[in-house]
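Could you have a look at this structure, given as structure tokens, before my questions?
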Amino acid sequence: MGSKGKNIPKYRTPFRPALEGVWQTIRRERNFRFHLFAAFCAVLLGFFFSLSKAEWIAVLFSIFGVFSMELMNTAVERTVDLADGRYHPLAKQAKDAAAAAVLMAAVLAAIIGCIVFLPKLLHLFEGAAF
Ligand SMILES: Nc1ncnc2c1ncn2[C@@H]1O[C@H](COP(=O)(O)OP(=O)(O)OP(=O)(O)O)[C@@H](O)[C@H]1O
């Protein structure tokens, strides 16, 4: 029946279902809330250290990359669970691959975070120590 089914709500703007997807994921996924908190800390640190344009671009790419992967992971989990939730090797492969995509984005974000913030933090603590 596709998206023309009777019980599927019609949205006036294309943003509404997307925003609902973000809100539902925030409500239901603890990992997403953790990433949100980490992103908030990174942005605060970014303002504190007055990042350059290039540094902001790297940090924002990392943040939204992790958010996007986490949302896609949630989409895969929900879709697989729709199938009836019984154990299936293909379900395992799909969920594990989706989880791995989040891990890749998170590792990249952690590396970028270290490259951008670590020297600034070390400099700050060195200044405070002497
Ligand atoms: N139907 C299934 N068939 C086979 N393996 C599954 C199935 N459902 C889950 N798994 C395995 O269990 C793991 C955890 O699945 P689960 O659905 O609990 O997601 P999760 O990674 O714990 O995410 P969340 O905590 O956000 O729900 C999957 O990565 C997969 O290896």
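Since the structure is predicted, the reported quantities are computational estimates derived from the model, not experimental observations. We use all heavy atoms of the structure for the numbers below, so side chains are in, but hydrogens, waters and symmetry mates are not. Start at 1 and go down the list; that is how both ligands and their atoms are numbered.
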Just to confirm, does any protein heavy atom lie below 4.0 Å from atom 18 (O) of ligand 1?
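Within 4.0 Å: no protein heavy atom nearby.
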Could you check whether any side-chain heavy atom of R28 comes within less than 4.5 Å of a side-chain heavy atom of T74, counting everything from C-beta outward?
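A side-chain contact is absent here, since even the closest heavy-atom pair is not under 4.5 Å.
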Verify the contact flag for atom 12 (O) of ligand 1, where contact means a protein heavy atom under 4.0 Å away.
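There is no protein heavy atom less than 4.0 Å from atom 12 (O) of ligand 1.
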Measure across G46 and F117 and return the closest heavy-atom pair with its distance rounded to 0.1 Å.
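Looking at all heavy atoms of both residues, the closest pair is N-CE2, 3.8 Å.
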Quick one, V43 and W56 - any side-chain contact, counting heavy atoms below 4.5 Å?
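Sidechains of W56 and V43: in contact.
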Using protein heavy atoms only, decide if any is under 4.0 Å from atom 25 (O) of ligand 1.
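No, no protein heavy atom sits under 4.0 Å from atom 25 (O) of ligand 1.
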Given K95, which of N73, D81, T79 fulfils the side-chain hydrogen bond (donor to acceptor under 3.5 Å, both in side chains) condition?
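Exactly one pass, corresponding to D81.
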Which residue and non-hydrogen atom of the protein lie closest to atom 3 (N) of ligand 1, and at what distance in Å?
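Of the protein heavy atoms, H88 N, 3.0 Å lies nearest.
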Protein contact of atom 5 (N) of ligand 1 - nearest heavy atom, named by residue and atom, plus distance
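Here the closest protein heavy atom is K92 CB, 3.4 Å.
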Shortest protein contact, atom 1 (N) of ligand 1 (heavy atom only)
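The closest heavy atom on the protein side is R86 O, 3.0 Å.
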Side chain to side chain contact (heavy atoms under 4.5 Å, CB included) for K120 and E55? Distances and angles first, verdict last.
CA-CA 12 Å; K120 296 179 196 303; E55 287 169 332; 3.1 Å; yes
Quiz question for you: does at least one protein heavy atom lie closer than 4.0 Å to atom 22 (O) of ligand 1?
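No, no protein heavy atom sits under 4.0 Å from atom 22 (O) of ligand 1.
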Would you indicate which of E77, Q93, K95 comes nearest to atom 10 (N) of ligand 1 when only heavy atoms are counted?
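Nearest option to atom 10 (N) of ligand 1, by heavy atoms: K95.
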Could you tell me whether E29 and ligand 1 have an N or O pair separated by under 3.5 Å?
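Such a contact does occur with ligand 1.
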So, 4.0 Å and heavy atoms of N31: is ligand 1 close enough to count as a contact?
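It does not; every heavy atom stays at 4.0 Å or beyond.
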Do L60 and F32 land in one hydrophobic cluster if side-chain heavy atoms of ILVMFWY residues count as linked below 4.5 Å?
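Shared cluster, yes.
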Give me the atom names and distance for the closest heavy-atom approach of V116 to P119.
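That would be O-CD, 3.9 Å.
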Ligand 1 atoms in contact with A91 (distance to a heavy atom under 4.0 Å):
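This gives 1 (N), 2 (C), 3 (N) as the contact atoms.
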Write out the residue and atom name of the closest protein heavy atom to atom 31 (O) of ligand 1, then the distance separating them to 0.1 Å.
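Protein heavy atom with the smallest distance to atom 31 (O) of ligand 1: D96 OD1, 2.6 Å.
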Do V107 and M104 have side chains that approach each other closer than 4.5 Å (heavy atoms only, starting at C-beta)?
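Answer no - side chains too far apart.
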